[in-house]
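Reading through the structure tokens given below for one structure.
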Amino acid sequence: MKTINVILSGGVGSRLWPLSRKSRPKQYLPLFDGKSLFELAVERNKKICDKICVVGGIDNYMLSRNILKKLKVKPYSEIVEALPRNTAAAIAFAAFEADSDDILVVTPSDHLINNEQEYQKALNKAIAKAKQNFIVTFGLKPKSAETGFGYIEFVDHDVISFREKPNKEQAASYLKSGNFLWNSGCFCFKAGVYLEELSKYEPEVYETSRRAFFKSNGIFLNEILSQKIPSISVDYAVMERTTKVKVIPSFFEWSDMGSFMAIYDTIPAEDARKSTTNLSLNTKKLVEFVGVDNLILVETKDAILVLNKHNAQDVKKVYERLEIENPTYLR
């Protein structure tokens, strides 16, 4: 029995455009003392796990490979998706590669986590539950009425319900009740148990993923067979339906780094890029904010983004519009 960290690195980070591009998604941007979120994830999890398995996309697998080589990570494996088919399939690929009793610690590549001692405590608890054939998710104690996250209603380690991203009033009621956690998007289970539950609840995803995986060309998945895989998240496919689910209430500091607001919150107040309530990113120019509040300015060689930080989630709409009107700016 091995403990394998499955790092999911296929996201494009549309809410962090123009920094995040298809050729270099947000998880590979060296935003944290010269390190990327992917690099931090590898360093954090290699201390606990016996092996690392990266599941990523055809457009950027060399970015992850170069970081693994730089960090001298051994052993590791790579699974390169021909096209994105969401997290249920991505995790299935890693489970097919593993032995049935191997413990998979599934983590996104774009999360920022502090207080590693608390993180390791939560991981050890999850691994113990996974050894008992439970499907484990990690829930974070909410610090605010955040509308950009999913929530888990819980009692002890039992999951009562999963709730989608709420409106402001619902989020405030969740926070006040004290029995809701932020859904972190991290999971832990035996490879065989996950595949059994996926086969039970989403047999088409299971079977099409299996065919694509076992017809792969080395680390590269078959594109024609991959097109037949239904695109569905692990939350919808398994977590919200299985009777084996458990939650580990966790107390490490966590951010999914899903928006410029999240980046704003991580940058210390004394940082020169911050000015009162404003922030400038990735520019070598002097930026002065006069008579305006809550603005974030982001510059790249071909684009400038100016947004109210409270509308950070809306950057995805810009990305989606450019995908139709001018995809050159997404490359």
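Every heavy atom of this structure was used, including side-chain atoms; hydrogens, water molecules and symmetry mates were not.
Side chain of S20 to main chain of P25: no donor-acceptor pair is present (N/O by atom type, distance under 3.5 Å, no hydrogens or angles). Remark: side-chain polar atoms of N86 are not paired, donor with acceptor, to backbone N or O of A88 under 3.5 angstrom. Remark: the backbone N or O of V287 is not paired with any side-chain donor or acceptor of S280 at under 3.5 angstrom. Here the side chain of S216 pairs no donor or acceptor atom with the backbone of I219 at under 3.5 angstrom. S199 places no side-chain N or O within 3.5 Å of a backbone atom of L195 that could act as its donor or acceptor partner. At least one donor-acceptor pair closer than 3.5 Å links the side chain of N278 to the backbone N or O of N294. With K26 contributing its side chain and M257 its backbone, the two residues share a donor-acceptor pair below 3.5 Å. The backbone N or O of V234 sits less than 3.5 Å from a side-chain atom of T87, completing a donor-acceptor pair. A donor-acceptor pair is defined here as one N or O able to donate and one able to accept, closer than 3.5 Å; no such pair exists between the side chain of T242 and the backbone of V238. With hydrogens and angles disregarded, a donor-acceptor distance shorter than 3.5 Å links the side chain of N45 to the backbone of A41.
Among all heavy-atom pairs drawn from L104 and A94, the shortest one is CD1-C, 4.4 Å. Of all the heavy atoms in K316 and R15, the pair that sits closest is CD-NH2, 3.6 Å. Of all heavy-atom pairs between A122 and F138, the closest is O-CE2, 3.6 Å. Scanning all heavy atoms of the two residues, the minimum distance from M239 to T137 falls at CE-CB, 3.8 Å. Scanning all heavy atoms of the two residues, the minimum distance from L198 to A92 falls at CD2-CB, 3.7 Å. Nearest heavy-atom pair, P166 versus T147, reported as atom, atom and distance to 0.1 Å: O-CB, 3.3 Å.
K35 and D33 are not joined by a salt bridge, as no carboxylate oxygen comes within less than 4.0 angstrom of a charged side-chain nitrogen. By the 4.0 Å N-to-carboxylate-O rule, E116 lies close enough to K47 to be salt-bridged with it. Note on E323 versus K22: salt bridge recorded, some NZ/NE/NH1/NH2 to OD/OE distance being below 4.0 Å. Note on K317 versus D314: salt bridge recorded, some NZ/NE/NH1/NH2 to OD/OE distance being below 4.0 Å. The pair E299-K285 meets the salt-bridge criterion, with a side-chain N (NZ, NE, NH1 or NH2) lying under 4.0 Å from an Asp/Glu carboxylate O. Electrostatic pairing of E146 and K165 does not count as a salt bridge here, judged by no charged N lying under 4.0 Å from a carboxylate O. By the 4.0 Å N-to-carboxylate-O rule, K200 lies too far from E196 to be salt-bridged with it. For K246 and D156, the salt-bridge test fails: no basic side-chain N is under 4.0 Å from an acidic carboxylate O.
You'll find the side chain of L181 stays beyond 4.5 Å of the side chain of L140, heavy atoms only. Two residues are said to be in side-chain contact when any heavy atoms from C-beta on lie closer than 4.5 Å; I4 and V105 fail this criterion. Contact check for F220 versus E78: no side-chain heavy atoms found under the 4.5 Å cut-off.
In summary, the aromatic rings of Y201 and Y206 are positioned with their centroids too far apart to meet the 6.0 Å limit.
Side-chain N/O atoms of Q27 and S36 include no donor and acceptor closer than 3.5 Å. In this model, a donor atom of one side chain and an acceptor atom of the other lie less than 3.5 Å apart for S161 and R163.
With hydrophobic clusters built from ILVMFWY side chains whose heavy atoms lie under 4.5 angstrom apart, L297 does not share a cluster with W17. Both I232 and F96 belong to a common hydrophobic cluster when Ile, Leu, Val, Met, Phe, Trp and Tyr are linked at side-chain heavy-atom distances under 4.5 angstrom. Residue I48 is grouped with residue V136 when hydrophobic side chains (ILVMFWY) are merged at heavy-atom distances under 4.5 angstrom, including chains of intermediate members. The hydrophobic clustering, which links ILVMFWY residues whose side-chain heavy atoms are closer than 4.5 Å, places L71 and I52 together. By the rule that hydrophobic residues join a cluster once side-chain heavy atoms approach within less than 4.5 Å of another member, I79 and V12 end up as members of separate clusters.
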**OP:** Show the numbers, then the answer: is there a side chain to side chain donor-acceptor pair (under 3.5 Å) between T107 and N5?
**Re:** CA-CA 7 Å; T107 61; N5 176 212; 3.1 Å; yes

**OP:** Test R85 against E81 for salt bridge (Lys or Arg N to Asp or Glu O under 4.0 Å), laying out the working first.
**Re:** CA-CA 8 Å; R85 303 316 292 156; E81 296 179 288; over 6 Å; no

Subject >> Stepwise ring-ring contact (aromatic ring centres under 6.0 Å, His included) test for W182 and Y174 >> reply: CA-CA 10 Å; W182 284 339; Y174 295 167; over 10 Å; no

Original post:
What do the steps show when you test K190 against D99 for salt bridge (Lys or Arg N to Asp or Glu O under 4.0 Å), and what is the final call?
Top reply: CA-CA 9 Å; K190 286 182 181 177; D99 293 333; over 6 Å; no

Original post:
Where do T208 and R210 land on the side chain to side chain donor-acceptor pair (under 3.5 Å) test, with the steps shown first?
Top reply: CA-CA 5 Å; T208 52; R210 187 187 67 81; over 6 Å; no

**OP:** Take N308 and D293, measure what side-chain contact (heavy atoms from CB on, under 4.5 Å) needs, and give me the verdict at the end.
**Re:** CA-CA 8 Å; N308 185 302; D293 293 307; over 6 Å; no

Original post:
Going through the checks in order, is the side-chain contact (heavy atoms from CB on, under 4.5 Å) test met by I103 and C188?
Top reply: CA-CA 7 Å; I103 304 293; C188 184; 3.6 Å; yes

**OP:** Apply side-chain contact (heavy atoms from CB on, under 4.5 Å) to L279 and I267, showing your working.
**Re:** CA-CA 9 Å; L279 175 69; I267 294 177; 3.9 Å; yes

**OP:** Under the side chain to side chain donor-acceptor pair (under 3.5 Å) rule, what do S77 and E97 come out as? Steps first, then yes or no, please.
**Re:** CA-CA 9 Å; S77 64; E97 183 184 73; 2.7 Å; yes

Original post:
Does the side-chain contact (heavy atoms from CB on, under 4.5 Å) test come out yes or no for V42 and V73, once each step is laid out?
Top reply: CA-CA 8 Å; V42 171; V73 174; 3.6 Å; yes

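A search for salt bridge (Lys or Arg N to Asp or Glu O under 4.0 Å) contacts involving K70 returns E39, not counting sequence neighbours. With sequence neighbours excluded, the residues that form a side chain to side chain donor-acceptor pair (under 3.5 Å) with D102 are K2.
Taking a 6.0 Å sphere around NZ of K131, one finds it holds 12 or fewer heavy atoms contributed by other residues, nucleotides or ligands. The environment of NZ in K51 is crowded: more than 12 heavy-atom neighbours from other residues, nucleotides or ligands sit within 6.0 Å. Surrounding CZ of F162 are more than 12 heavy atoms belonging to other residues, nucleotides or ligands, all under 6.0 Å away. By the 6.0 Å contact criterion, NZ on K125 is open, its count of non-hydrogen atoms from other residues, nucleotides or ligands being 12 or less.
Ring orientation note: the planes of H111 and W254 are nearly perpendicular, at an angle over 60° on the 30°/60° scale.
Residue pairs meeting the ring-ring contact (aromatic ring centres under 6.0 Å, His included) criterion with at least one member in residues 285-331, sequence neighbours excluded, do not occur.
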